[in-house]
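Here is the structure we will look at.
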Amino acid sequence: SSLGYKDVNLSYFMGVMKFKEEKYTEAIDYFTTAISIDSKHFFSYNDRASAYRMMESYDNSIADYNKAIELNGDMAMLYNNLGSVKRLNKDYEGALVEYDKAIKKDGNYHYAINNKGIVLYETGKYEEAIECFNQVLKINKDYAYAFNNMGLCYYKMKDYKSATDAFSKAIFIDPNY
């Protein structure tokens with residue numbers, strides 16, 4: 001613990017602050033300190049994994065997300081996060097497996113459903129992706145990302161009217177979109 005902190009929560013929250021400042025190396029140091037104080041602090045593993053993901057250190061990120069899941073396998077967010085780093089690493093099948101696990105843990109976890117739709121979009125399965133985005137909108141009718149993602153699918157399918165409608169809804173919900 002080179003930082004001199006003996007309190008897991010203080011180390012963890014310092015890591016969160018550094019993460020928010022986009023100082024990922026410093027954040028990793030604080031999360032590592034928190035883990036050295038409490039090896040079962042799954043939030044530190046999750047957030048260190050997120051910092052590694054931002055630094056494109058995907059193997060370290062995957063290892064830490066897996067450790068967080070090992071410590072607390074009930075949180076849909078952890079599977080969603082693991083799926084996201086697998087998607088960034090172009091492991092689309094692996095990402096879908098993790099998103100499905102997240103959805104199984106919490107059927108209303110719209111982030112995982114949206115992310116599953118993104119993978120389906122990125123792999124050219126536009127109709128299936130649109131089904132995901134519609135499911136997201138049943139859970140959260142004001143989720144601009146789902147409308148935008150749906151618009152991208154329609155655009156790829158050359159259904160420009162539906163694409164324009166979806167993009168317009170995203171902008172209506174979030175004018176900064």
> Closest approach of A34 and S44, non-hydrogen atoms and distance?
Replying inline: CB-OG, 3.3 Å

>> Once rounded to the nearest 0.5 Å, what's the spacing between atom OH of Y145 and atom NE2 of H110?
In response: 10.0 Å

> With the threshold set at 4.0 Å, does a side-chain nitrogen-carboxylate oxygen contact exist between D165 and K161?
Replying inline: yes

> Cluster question for you: counting only ILVMFWY and a side-chain heavy-atom cut-off of under 4.5 Å, with indirect links fine, are M77 and V85 together?
Replying inline: yes

> Is a side-chain donor or acceptor of S11 paired with a backbone partner of V8 at a separation under 3.5 angstrom?
Replying inline: no

>> Can you tell me how far apart CG (L78) and CD1 (I69) are? Round to the nearest 0.5 Å.
In response: 5.5 Å

> Near Y143 OH, under 6.0 Å, is it more than 12 heavy atoms from other residues, nucleotides or ligands?
Replying inline: yes

>> Using side chain to side chain donor-acceptor pair (under 3.5 Å), reason through Y65 and S50 one step at a time and then give a plain yes or no.
In response: CA-CA 8 Å; Y65 283 135; S50 295; 2.8 Å; yes

> Of the non-hydrogen atoms in D106 and A76, which two are nearest, and what is the gap between them?
Replying inline: CB-CB, 3.9 Å

> Can you hop from Y155 to M150 via hydrophobic side chains spaced under 4.5 Å?
Replying inline: no

> Can R48 and Y30 be counted as having a side-chain donor-acceptor contact under 3.5 angstrom?
Replying inline: no

>> So that I know where these two stand, are Y52 and Y58 an aromatic pair - ring centroids less than 6.0 Å apart?
In response: no

> Between F133 and F147, does the ring centroid distance fall short of 6.0 Å?
Replying inline: no

> Is there a path of hydrophobic side-chain contacts, each under 4.5 Å between heavy atoms of I, L, V, M, F, W or Y residues, that connects Y45 with F13?
Replying inline: yes

> Going through the distances and angles, do L120 and C132 end up as a side-chain contact (heavy atoms from CB on, under 4.5 Å)?
Replying inline: CA-CA 9 Å; L120 293 168; C132 287; 3.8 Å; yes

>> Within the 3.5 Å criterion, strictly below it, is a donor on Y154 or T164 matched to an acceptor on the partner's side chain?
In response: no

> Which atom names give the shortest non-hydrogen contact between A95 and G83, and what distance separates them?
Replying inline: CB-O, 3.3 Å

> Just wondering, do I139 and V136 contact through their side chains at under 4.5 Å, heavy atoms?
Replying inline: no

> Under 4.5 Å between side-chain heavy atoms, hopping through other hydrophobics if needed: is there a path connecting F43 to L71?
Replying inline: yes

> Same hydrophobic cluster for I35 and I62, using side-chain heavy-atom links shorter than 4.5 Å among ILVMFWY?
Replying inline: yes

>> For the CD atom of E131 and the NZ atom of K116, what is their distance to the nearest 0.5 Å?
In response: 9.0 Å

> Among all residues two or more places apart in sequence or in another chain, which pass the salt bridge (charged side-chain N to carboxylate O under 4.0 Å, His left out) test with E21?
Replying inline: K18, K23

>> For a quick test of reading the model, state the closest non-hydrogen atom pair linking A129 to C153 and the distance between them.
In response: CB-SG, 3.6 Å

>> Does atom CE (M157) have a neighbourhood of more than 12 heavy atoms from anything else shown, all under 6.0 Å?
In response: yes

>> For the CD1 atom of I113 and the CG atom of N134, what is their distance to the nearest 0.5 Å?
In response: 11.5 Å

>> Parallel, tilted or perpendicular, judged at 30° and 60°: which one describes the rings of Y111 and Y109?
In response: perpendicular

>> Ignoring hydrogens, what is the shortest heavy-atom contact between A49 and S61? Give both atom names and the distance.
In response: O-OG, 2.8 Å

> Do any pairs count as a side chain to side chain donor-acceptor pair (under 3.5 Å) and have a residue in residues 69-83, sequence neighbours left out, and if so which ones?
Replying inline: N46-N81, K67-E70, N80-N115

> What pair of heavy atoms forms the shortest contact from I173 to D142, and how long is it?
Replying inline: CG2-O, 3.2 Å

> Within the distance-only criterion (no hydrogens, no angle test), does the side chain of N89 pair as donor or acceptor with the backbone N or O of D91 below 3.5 angstrom?
Replying inline: no

> From K125 NZ over to E122 CD, what is the distance, rounded to the nearest 0.5 angstrom?
Replying inline: 12.0 Å

>> Under a plain distance cut-off of 3.5 Å, with no hydrogens placed, do Y12 and D47 share a side-chain donor-acceptor pair?
In response: yes

>> Are the side chains of V97 and K101 in contact, using a 4.5 Å heavy-atom criterion?
In response: yes

>> Would you say CZ of F172 has more than 12 non-hydrogen atoms from neighbouring residues, nucleotides or ligands within 6.0 angstrom?
In response: no

> What's the spacing between E98 CD and K86 NZ if we round to 0.5 Å?
Replying inline: 4.0 Å

>> If we ignore hydrogens and angles and just use 3.5 Å, is the side chain of T123 paired with the main-chain N or O of V119 as donor and acceptor?
In response: yes

> Angle class for the Y121/Y126 ring planes (parallel below 30°, perpendicular above 60°, tilted otherwise)?
Replying inline: tilted

> Are any non-hydrogen side-chain atoms of D64 and F31 less than 4.5 angstrom apart?
Replying inline: no

>> Show, in sequence, the C-alpha distance, side-chain angles and deciding distance for K156 and L152, and conclude whether the side-chain contact (heavy atoms from CB on, under 4.5 Å) test is met.
In response: CA-CA 6 Å; K156 287 285 192 175; L152 294 171; 5.8 Å; no

> Taking the side chain as C-beta and beyond, is there a heavy-atom pair between T32 and D29 under 4.5 Å?
Replying inline: no

